[in-house]
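Below, read A as the first sequence line, B as the second, and so on, with proteins coming before strands; counting in each chain starts at 1. A quick note: this is a predicted structure, and the numbers were derived from the prediction, not measured.
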Amino acid sequence: MDQTVRSATTGIRPATRPLVLLLATFLLAGLCVASLAIGSKTIPFGEVFSVLIDPRGGETEAIVRGLRLPRTLLGLFAGVALGLSGALIQGVTRNPLADPGILGVSAGAGFAVSLAVLAFGLSSFYSYVWFAFAGAAIASVVVYALGGFGRGGATPVKLALAGVAMLALLTSLTSGVLLLDPNALYVYRSWAVGSLTGQDTAIVAQMVPFLLTGTALALSVAPALNSLALGDDVASALGRRIGLIRLGGVVAVTLLAGTVSAVVGPIVFIGLVIPHVARAITGPDYRWILPYTMVLAPCLVLAADILGRVVARPGEIGVGVITAFLGAPFFIALIRRRRLAEL
Amino acid sequence: MRPEIAPTLRAEGLAVSYGDRSIITDLDLVVPPGKISVIVGANASGKSTLLRSLARLLSPAAGQVCLDGESIHAMPTRELARMVGLLPQSPVAPEGMTVIDLVGRGRAPHQSWWRQWSHSDEETVRHALELTSMLDLAERPVDELSGGQRQRAWIAMALAQDTDILLLDEPTTFLDMAHQIEVLDLVMDLNRTRGRTVMMVLHDLNQACRYADHIVAMKSGRIVAQGPPADLLTAELVDEVFDVRCCVVTDPVSGTPLVIPIGRHHEPRNVARHPFPIH
């Protein structure tokens, strides 16, 4: 067996996994700094650091601390959450094409936003963000409950079918609401564009407890996902409680992707692609796939966001658009170079 | 080292149903400790259902399964998984997973979130690979192996689980003849040299006779007969269980019963008088 075939199907050598993860973390740190420095007004790295360490007022501080810091943090959080929830949902449903959207999370958030405007006339971000989060949570609970009917509980296939049905329903309901109420369309558009801009530090700080809980839950089910990957019967025979694992995974996805969808809007690509990139590097071990997605996904989000500020100066292109532009060719290249791992 | 007295798995008044459909009704069974038992029966006779119930993959509608007198349904899942292992029919490994990774996952019931990999895990996995002659293939992806090697890798995973009782659901399905013999010989090694209690479902009656110490014949969710193959296997029993006319002769190699089905186009030619050809 020659080395190239081995690495094509099972990733890098196990011993080098921590090192590559560390390198990726450095890359992420670099991108965070770049995200603070680069924009319509480029600020030298040295000045970025001095403003961060020693706030002294002025335009530079306003830009770095007031605008770019929350934006960078939001990109970081959104990346971590979307990457993790993508890997989780693929592991729980054993479906390589699953992304967090399959639980109806972002469709639920979107419907809740449009409904909040139609029914209550809410239009400020602070009022509808909670609606969005509630909508995401309710949608995924309903999908999980629907998928859980009948023999075998929430099996991967039933979960996927329930998710697709729910997605179709919510999307058409949302369109209905948006057609009824032009004001809802206006608010919905500003949510649905999928942008990291315009949030202040307060809202970013409010996300933290949800994301921390979701991340802890995600990491705690990682070893169990490794058993689940061998099939339900083998996992049960290995002493795993399948229903509990699936529930834990779904709750974590809801917390992570729901929070991000509510604040940032739908960013669809990250959760689908990054877990495959991570899997191509690490091989099929969720104890490594999850940490890798946590680092690689925010790299893509931040890189896309930075690129969006640079390419259309002085204007900007939304991060959702750039991730699709960056990600799609990359994904196609990945598929063409090696078969995608079946789960 | 294994304990002197192997634990005993026992079904008492077991009934299992899928929804309204009753699969197993009022079944009593003791899995003979330290022996190889084989469940035989026609399709849909409840063989796999019984095996899965013994490993708590299904919950009974009535009755219970006990391990050394304790109901397995009251046991913590991990504790049960350290004593009873089950290999389902034709399991599939995720693409790109190496043999050693697969076998390592058999250690799950011995690990906890904060203690993922220990020296004893390492040793047990190595030993399982050795027993199944998979050491040389340890770094290979499972999906690149031949059918027999793949099944050996899965058996190695079940061995790494290090249970006293091993339940195998049709371990030879989809394997060619050479690989079937390879797998069954391995199972016999494990039983004879490691003293593991094995219960498996097999489709081939003659293989069952050859490898089993104890045969359990099932029909319509009930046990029709059970016992050592030599005492149990008669043309009448085969007719009752499988609805097939046959001759039962002595296997010239193993001395165990050999079932020869007759079918509609053939008639037996004095086989009964000359059990096997004399050269």
Val92(A) pairs by side-chain contact (heavy atoms from CB on, under 4.5 Å) with which of Leu103(A), Leu159(A), Ile245(A)?
-> Leu159(A)
Determine whether the side chains of Ser17(B) and Ser22(B) contain a donor N or O and an acceptor N or O closer than 3.5 Å.
-> no
Using non-hydrogen atoms only, which part of Arg56(B) is less than 4.5 Å away from chain A: side chain, backbone, both, or neither?
-> neither
Does a donor on one side chain sit under 3.5 Å from an acceptor on the other, for His203(B) and Glu170(B)?
-> yes
Determine whether the side chains of Thr77(B) and Arg241(A) contain a donor N or O and an acceptor N or O closer than 3.5 Å.
-> no
Modelled atom types, side-chain donor and acceptor of Ser48(B) and Asp169(B), under 3.5 Å = yes
Heavy atoms under 4.5 Å from chain A: which residues of residues 31-40 of chain B carry them?
-> none
Side-chain ion pair, Arg94(A) and Asp232(A), N-O less than 4.0 Å | yes
Distance only, no hydrogens: is a donor on one side chain within 3.5 Å (strictly under) of an acceptor on the other, for Asp121(B) and Gln111(B)?
-> yes
Check whether Leu57(B) gets within reach of chain A through its side chain, its backbone, both or neither, counting any heavy atom under 4.5 Å.
-> side chain
